[in-house]
K.L.:
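Quick one: the structure is below, questions incoming.
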Amino acid sequence: EGDSRDFDAEVKSVCPFCGVGCQVSIKVKDGAVKRVDGINGPANEGRLCVKGRFGFDYIQHPDRLTKPLIRREDAPDKGLNVDPSNPWTHFREASWDEALDVAARGLVDLRSYFGGQSVAGFGSAKCTNEEAYLFQKFIRQGFKHNNVDHCTRLCHASSVAALMENVGSGAVTASFREIENADVAIVIGANPTENHPVAATYFKQFAKRGGNLIVMDPRLQNGLKRHATHNLQFKPGSDVALVNAICNVIVEEKLYDRQYIQGFTEGFFEYRDHIRAFPPEKMSEICGVDPDTIRAVARDFAGAQRGMIFWGMGVSQHIHGTDNARCLISLALLCGHVGRPGTGLHPLRGQNNVQGASDAGLIPHVMPDYQTVTDTHVRDLFRHIWQGTEIDAAPGLTVVEIMDRVYRGSIRGMYVLGENPAMSDPDVEHARKALAKLDCLVVQDIFLTETAMFADVILPASALFEKTGTVTNTNRTVQVVRAATEPPAEARQDWEILVDLARRIGLDWDYDDPREVFDEMKMSMRSLHHITWKRLEKEGAVTYPCKGPEDPGASVVFGDGFPRRAGRAQFTPARVTPPAESPDKEYPMILITGRQLEHWHTGSMTRRSVTLDNVEPEATCSLHPSTLRRMGVPEGGRVRLTTRRGSIAMLARADRNVAPETAFIPFAFVEAAANVLTNPQLDPFGKIPEFKYSAVRIEAETES
Ligand code: SF4
């Protein structure tokens, strides 16, 4: 605390947590971050949530990795039995030269003996665009395949698949700030007051100004429910039934925008015939929402001049996640709610740079800017830019597929930068067994994460406030991040580590600055046209696509057609598919996992923020009070959750927003890892696991 005279420096950057991308002013004293304030960025106008404002102390946590570590030859085991504050039973310190040599030798030996396919990589949405670009290049150029992925696979891969298929682009069609110009907005399968809190402030203002806010979710939302005109608490996993029923009303009552459909879409007549099979009365039995409410929502959305649809992982993390997103796209197209101010499709992106990391090509089937690896012209372009490197024409493996190959032994080495599959994989027991089998695991991170505990070499890296580079938020806005402090002791910037390791595996890399990486990215990424480093430094943020050197970029896209055949978006019909498993006598309830306001993702950062962890120090299972009464469990008592995959125990929390037959748990707590329970079955298109639906048995935990 204090005024600006109390600090040695004030540096402008971007919040390291969610995809909203709030701009911050970092106040530094004696080389340490002392305070963070919101500044006037395009996504936040000075606002910050509790994570952005108070969650910075993880940077100075004593657990920070400060020197490279190498696994001791006499380490007793490979697994989670490592104390982060005393890892010396398992690891020893090493010089950078030794650690990089051991890491490079491990990966290169595997390449020589078993071929490049024996090594895969997980990059990170917590890194900058330049680091994400370098990481995918490291795998593609160094090992000659596309087995490189990141956490987008676990959050919005299905949304991206549906958007690419139907509108020709995986990014949002409109900034969330466009809600200021909307008349009606649907928020479905998202909990923005917890997960995108600053975006949620704009949603609440919209409702307070008289906007029609329609919230749909299996969990009622404390934050938005009192602002909503309709709260549709539908049954978990019934998204397709609900949205198809809404579209059925729009079609049957001829509420659709005929002119828009004729001018900008294809496939309407097949879609119209298909959607007639989903009347509200019939779908109500599946989704649990009464037909009159479905009709009212359909009329409100179709009847408005300008409407937006926001969605989150409640939509995407299902085996029918791509179908869920297809339904939402069709709903917007039916009503002509795309391409004008106050209209659009917006999947709220999770991590601060998941949009940018995806744009930069950290995806196994596409190169930077979503240029498919199967396209000869694309491979020719990159062969030219990457000085003769042949790009593999076969799409690579996704996160869960890679972990499965590791388990089965065909992938024997991994480079993991800033990801934590030992916590985030949908079947963590399986992932942990797989990680223990690797011949060479190189982990680059700021903490000794659960994944790092399995590593052979650990490379200490940088937090976002120690980095220089660019990141891209959920609105397609590219923003510059500036280093406010130095990494601790011998820790280094991620891009520098990548370059040094690349040289040691034989790549002829010659970058001296992230700017040079950014300039190389511009050679293949049309999305960065007219966005220069100089502009970003001066303006702080530019949104793509951008028409000229003075243009701030387009908040809304596709007003004059879509980047698809004949400029038309597509209706893709979707059928109701049941979840991968159903409740039965043994597992009678439904488990939903997700995030909470104070904790972010696997908790490696926020669990080390004293302020945040003091507010939510323990994992809790949210259950309806009637469910707790039935179980005879008092609030604050312990419950045991068991699915077909595993069992964990935690405190019970009474929560009237959760339906009596469902339970909600957060996934940030290693001591009660949610993904011990979750179902690894994948959506066939986006290859995303079904985190949002598991059959579960919940009982009072008896003390042993
Ligand atoms: Fe950071 Fe997101 Fe909170 Fe903004 S809303 S301060 S980006 S966590």
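Remember, it's 1-based here, ligands and their atoms both numbered in the order they're listed.
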K.L.:
I need the Ile26 CD1 to Leu464 CG distance, nearest 0.5 Å.
P.N.:
8.0 Å

K.L.:
Taking only heavy atoms of Val198 into account, list the atoms of ligand 1 that are under 4.0 Å away from them.
P.N.:
4 (Fe), 5 (S)

K.L.:
Do Phe691 and Phe667 have ring centroids that are under 6.0 Å from one another?
P.N.:
no

K.L.:
Starting from atom 4 (Fe) of ligand 1, what is the nearest protein heavy atom, named by residue and atom, and what distance separates them?
P.N.:
Cys22 SG, 2.3 Å

K.L.:
For the pair Asp37 and Lys27, find out whether any cationic side-chain nitrogen is under 4.0 Å from an anionic carboxylate oxygen.
P.N.:
yes

K.L.:
Looking at Phe17, which atoms of ligand 1 are within less than 4.0 Å of one of its heavy atoms?
P.N.:
8 (S)

K.L.:
Against heavy atoms of Gly52, which atoms of ligand 1 measure under 4.0 Å?
P.N.:
6 (S)

K.L.:
Report yes if the side chains of Thr470 and Thr128 come closer than 4.5 Å at any heavy-atom pair, otherwise no.
P.N.:
no

K.L.:
Return the minimal non-hydrogen interatomic distance between Met650 and Cys621, and the atom names on each side.
P.N.:
SD-N, 3.5 Å

K.L.:
Quick test: of every protein heavy atom, which one is nearest to atom 3 (Fe) of ligand 1, and how far off is it to 0.1 Å?
P.N.:
Cys49 SG, 2.3 Å

K.L.:
For ligand 1, is there an atom lying under 4.0 Å from some heavy atom of Leu48?
P.N.:
yes

K.L.:
Is atom 4 (Fe) of ligand 1 under 2.8 Å from any N, O or S atom of Cys15?
P.N.:
no

K.L.:
Does NZ or CZ of Arg35 lie under 6.0 Å from the centre of the six-membered ring of Phe7, at an angle within 45° of the ring axis?
P.N.:
no

K.L.:
At less than 4.0 angstrom from any non-hydrogen atom of Gly21, what atoms of ligand 1 do you find?
P.N.:
7 (S)

K.L.:
Provide the number and element of each atom of ligand 1 under 4.0 Å from a heavy atom of Pro197.
P.N.:
5 (S)

K.L.:
Please name the pair of heavy atoms, one in Val615 and one in Glu598, separated by the smallest distance, quoted to 0.1 Å.
P.N.:
CG1-OE2, 3.6 Å

K.L.:
Looking only at protein heavy atoms, which one is nearest to atom 2 (Fe) of ligand 1, and how far off is it?
P.N.:
Cys18 SG, 2.3 Å

